[in-house]
Amino acid sequence: MTHVLSAVAWPYANGPRHIGHVAGFGVPSDVFSRYMRMAGHDVLMVSGTDEHGTPILVAADKEGVSAKELADKNNTVIVTDLVDLGLSYDLFTRTTTGNHYAVVQELFRTVHANGYMVEQTALAAISPSTGRTLPDRYIEGTCPICQYPDARGDQCDNCGNQLDPTDLINPRSKINGETPSFVETQHFFLDLPALAGSLSAWLDEREASGTWRPNVIKFSQNILKEIRPRAMTRDIDWGIPVPGWEDQPSKRLYVWFDAVIGYLSASIEWARRTGDPERWRDWWNDPEALSYYFMGKDNIVFHSQIWPAELLAYDGRGDRGGEPGTYGVLNLPTEVVSSEFLTMGDQQFSSSRGHVLYVQDVLARYGPDPLRYFICAAGPETADAAFTWAEFVQRNNSELVAGWGNLVNRTATMIAKSFGEIPAAGALEPVDEAVLEAVRAGFDTVGDLLGRHRQRAAIAEAMRVVGEVNKYVTVTEPYKMKDESQRERLATVLHVAAQCVSDCNTLLAPFLPHAANKVHLVLGGEGEFMPMPRIEQVDELDPDNGAGLVSYPVITGDYSATPTWGTRPVTVGATVEKPTPVFTKLDPSVVEEELARVG
RNA sequence: GGGGCGGUAGCUCAGUCGGUCAGAGCAGAGGACUCAUAAUCCUUGGGUCGUGGGUUCGAGCCCCACCCGCCCUACCA
């Protein structure tokens with residue numbers, strides 16, 4: 001047994017999640033975590049909502065509410081989205097807790113004490129009316145190259161050139177139109193060049209492991225070439241106060257010295273809530289522990305460079321040396337598991353243009369497992385992938401319904417009609433032995449693929465095994481055994497079929513946990529087969545040190561009853577009734593309906 | 001501009017170290033069967049593996065150039 005940290009990207013609390021988000025970090029991390037638990041590992045899966053930063057502040061201003069109020073609202077929405085998908089977090093919390101503030105500040109102090117946080121003056125665009133930092137993308141003006149009047153501060157959408165906000169002619173704030181002032185401002189910079197050597201060594205070692213996706217490791221190494229110090233503070237009043245700068249409330253920590261630390265702070269919060277506040281160390285201090293970080297590709301730089309740099313700086317493992325703080329030497333990521341992007345049709349999702357599919361809407365209409373299935377089977381694992389309703393319906397109908405669902409249904413129906421319970425098997429014939437062996441072999445092949453984050457191949461392999469069992473039922477023809485003399489053979493075949501369905505259900509459980517629970521009941525099982533997450537309203541642990549939370553909803557769960565990865569004998573005598581279908585066939589007309597809905 | 005990824009059967013995609021690698025699923029065609037949500041099972045796939053060169057006894061798989069598409073380019077998270 002190994003301690004395995006599943007560190008899942010923190011969704012930004014600026015609105016509900018669309019299916020591209022959960023395809024990138026949500027479903028893959030859950031499938032992996034569920035499998036690793038089944039394989040006997042001690043998994044800690046953590047995440048939360050990322051609630052600081054300019055975009056939330058701007059959106060809150062626009063809605064006439066405080067940033068905290070907006071964050072509260074969106075936190076609740078996102079928590080609901082994720083729990084409804086069945087994502088089995090041990091703790092899904094948020095960045096506005098007192099615990100998180102304290103952990104972030106501890107990291108800052110130690111990184112600073114170790115010499116990796118240096119003060120520098122930077123030229124920043126400030127909104128004169130609010131005093132807040134105006135990020136480059138919130139500044140518009142005329143492009144100095146092509147004269148396009150609505151160029152953004154970071155890039156001109158017309159000619160594609162990269163710009164600096166100070167280059168713009170007649171710059172203006174995208175938020176309120178005022179002219180930004182470019183002022184000298186003091187900030188703390190993370191001295192990434194002093195950590196580059198250690199980062200490079202770590203990446204080389206990781207590359208040698210051969211486990212990272214090629215594009216992720218190559219991209220990570222490439223961006224190391226142009227590494228330079230990065231500001232870790234901002235002129236903004238919505239964020240975590242900067243230790244040492246308590247007298248400057250308009251300076252706060254940058255979101256990326258905030259959100260990524262959530263992996264650690266959430267682990268600590270989880271431990272505190274279990275009553276064993278030091279328990280998180282099993283995942284962070286033990287060099288044998290493994291950690292997997294799940295995200296979309298736009299986050300690679302933060303997880304393969306900034307976060308490990310922060311950890312190395314905290315540990316005192318950069319060029320300037322240093323000593324770890326109270327948390328001890330912290331583990332760097334074992335693997336950065338980055339997905340590509342899910343597109344809708346041939347375009348990227350865009351909430352602002354209405355080209356979007358929200359998780360809650362898809363779940364309300366089709367339930368969680370058809371969406372989980374699509375993401376696992378056709379998601380953006382190593383390349384951008386397109387979501388289309390036609391493919392969604394086709395995969396649901398021909399693979400989930402006609403393939404797996406039908407196998408469950410035909411098996412259970414025959415057992416119900418002939419015996420009403422799972423019959424005991426007589427002597428096994430070669431055909432019986434063969435199918436049982438084919439299914440058992442699936443635990444090795446599917447498990448190996450899952451351990452290597454090859455979920456598309458893994459679920460395809462599981463479905464191939466399902467096909468073997470459908471073939472078995474067709475070839476043995478139990479539905480023709482109506483004579484009393486064939487009674488024992490019928491019992492044997494149906495017993496074997498039930499055993500195979502049970503094992504296939506286990507194989508598919510990491511992908512389709514909701515369906516797994518239904519199939520478990522169909523075969524006469526009791527209770528919950530795959531444990532499910534729940535929302536729990538918890539009290540703020542450190543009311544004096546956060547953003548003013550009193551209580552908040554978290555996702556958590558007890559996954560200790562997770563079934564083990566492998567075959568388990570079906571219970572002879574368990575009652576089997578004629579089942580209601582596990583999956584719902586979709587009429588092809590939903591394709592038209594959904595396309596009309598999007599417009 | 002720089003960097004990365006991809007272009008394989010109508011559609012979606014597999015192809016790890018170059019030598020049964022020209023494949024799978026879906027769609028289509030034919031057949032079998034009826035337990036099952038008309039589901040299942042069997043048979044059926046000659047596509048210049050983006051284009052043009054090159055290396056090699058031999059290349060989707062290596063090298064070069066080019067065409068097309070997508071992504072990243074770091075103070076939006």
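Chain letters run A, B, ... following the sequence lines, proteins first, then strands; residues in each count from 1. Only this structure's heavy atoms are used, side chains among them; waters, hydrogens and symmetry mates stay out.
Aromatic pair A/Trp389/A/Tyr366: centroids less than 6.0 angstrom apart. In this structure, A/Phe108 has its ring center under 6.0 Å from that of A/Phe257.
Of the P atoms belonging to B/rU55 and B/rC13, the separation is 35 Å, rounded to the nearest Å. Comparing the P positions of B/rC67 and B/rG52 gives a spacing of 15 Å, expressed to the nearest Å. Rounded to the nearest Å, the gap between the P atom of B/rG47 and that of B/rA24 is 15 Å. Across the P atoms, B/rC17 and B/rU12 are found 26 Å apart, a figure rounded to whole Å. Spacing of P atoms, B/rG1 relative to B/rG18, comes out at 32 Å, to the nearest Å. Nucleotides B/rG54 and B/rC49 have their P atoms positioned 16 Å apart, rounded to a whole Å. Here the separation of B/rG23 from B/rU8, taken at their C1' atoms, is 10 Å to the nearest Å. Between B/rC41 and B/rG25, the two P atoms lie 11 Å apart (nearest whole Å).
Closest contact between the side chain of A/Lys578 and the listed nucleotides B/rU40, B/rA36, B/rA74 involves B/rA36. Across B/rU40, B/rC33, B/rA74, the shortest atom-to-atom separation from the side chain of A/Arg230 is found for B/rA74. Which of B/rC35, B/rU12, B/rC76 sits closest to the side chain of A/Arg395 comes down to B/rU12. In the set B/rC35, B/rU40, B/rC75, the nucleotide with an atom closest to the side chain of A/Lys482 is B/rC35. Closest approach to the A/Lys417 side chain among B/rC72, B/rC35, B/rU40 is made by B/rC35 (side chain taken as heavy atoms from C-beta onward). Considering only side-chain atoms of A/Gln305, the nucleotide from B/rC41, B/rA74, B/rA36 that sits closest is B/rA74.
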Determine, step by step, whether A/Tyr254 and A/His187 satisfy the ring pair (Phe, Tyr, Trp, His ring centres under 6.0 Å) criterion, reporting the C-alpha distance in whole Å, the side-chain angles of both residues, the deciding distance to 0.1 Å, and the verdict. CA-CA 10 Å; A/Tyr254 175 43; A/His187 281 300; 9.7 Å; no
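With the 3.5 Å cutoff on both pairing distances, Watson-Crick and G-U pairs in RNA chain B assemble into runs of at least 3 at B:1-7 with B:67-73, B:10-13 with B:23-26, B:28-32 with B:40-44, B:50-54 with B:62-66.
Using a 4.5 Å cut-off on side-chain heavy atoms (C-beta onward), A/Phe392 and A/Val591 make no contact. In this structure the side chain of A/Asn74 never reaches within 4.5 angstrom of the side chain of A/Thr49, judged on heavy atoms.
Here A/Lys585 lies in heavy-atom contact (under 4.0 Å) with a base. If you check every strand for non-hydrogen atoms under 4.0 Å, A/Trp256 touches a base. Using a 4.0 Å heavy-atom criterion, one finds that A/Phe341 contacts the sugar-phosphate atoms exclusively. Using a 4.0 Å heavy-atom criterion, one finds that A/Asn397 contacts no nucleic acid atom at all. Across all strands shown, A/Val493 has no heavy atoms under 4.0 Å from either base or sugar-phosphate atoms. A/Pro55 comes within 4.0 angstrom of sugar-phosphate atoms only, judged by non-hydrogen atoms across all strands, and of no base. Across all strands, A/Val255 comes closer than 4.0 Å only to sugar-phosphate atoms, never to a base (heavy-atom distances). Within 4.0 Å (heavy atoms only), A/Ile223 reaches at least one base atom of the nucleic acid.
A close approach under 4.0 Å does not occur between any side-chain nitrogen or oxygen of A/Lys174 and OP1 or OP2 of B/rC76. Within the 4.0 Å cut-off from OP1 or OP2 of B/rC42, at least one side-chain nitrogen or oxygen of A/Lys471 is found. In this model, the phosphate group of B/rG15 is approached by a side-chain N or O of A/Arg454 to a distance below 4.0 Å at OP1 or OP2.
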Nucleotides 4-6 of chain B: which of its N/O atoms have a protein N/O under 3.5 Å away?
| from | atom 1 | to | atom 2 | distance (Å) |
| --- | --- | --- | --- | --- |
| B/rC5 | OP1 | A/Lys218 | NZ | 2.8 |

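No hydrogens or angles considered: nothing links the side chains of A/Glu421 and A/Thr575 as a donor-acceptor pair under 3.5 Å. No side-chain donor-acceptor contact under 3.5 Å links A/Asn299 and A/Tyr293.
In this structure, the CD atom of A/Glu461 is 20 Å from the P atom of B/rG23, given to the nearest Å. Summarising the geometry, the separation between CG on A/Leu190 and P on B/rA74 is reported as 17 Å, rounded to the nearest angstrom.
Ring orientation note: the planes of A/Tyr263 and A/Trp307 are tilted relative to one another, at an angle of 30° to 60°.
A salt bridge links A/Asp384 with A/Lys297: the closest approach of a Lys/Arg side-chain nitrogen to an acidic carboxylate oxygen falls below 4.0 angstrom. A salt bridge links A/Asp235 to A/Lys251: at least one charged side-chain nitrogen sits closer than 4.0 Å to a carboxylate oxygen. Salt-bridge formation is not detected for the pair A/Arg213/A/Glu335: no Lys NZ or Arg NE/NH1/NH2 atom is positioned less than 4.0 Å from an Asp or Glu carboxylate oxygen.
Residue side chain A/Asn406 does not reach the base of B/rA39 through any donor-acceptor N/O pair under 3.5 Å, judged by distance alone.
Look at B/rG60: its glycosidic torsion is within 90° of 0, and that puts it in the syn range.
Relative to the six-membered ring of A/Phe188, A/Arg230 misses at least one condition, a distance below 6.0 Å or an angle of at most 45° to the axis.
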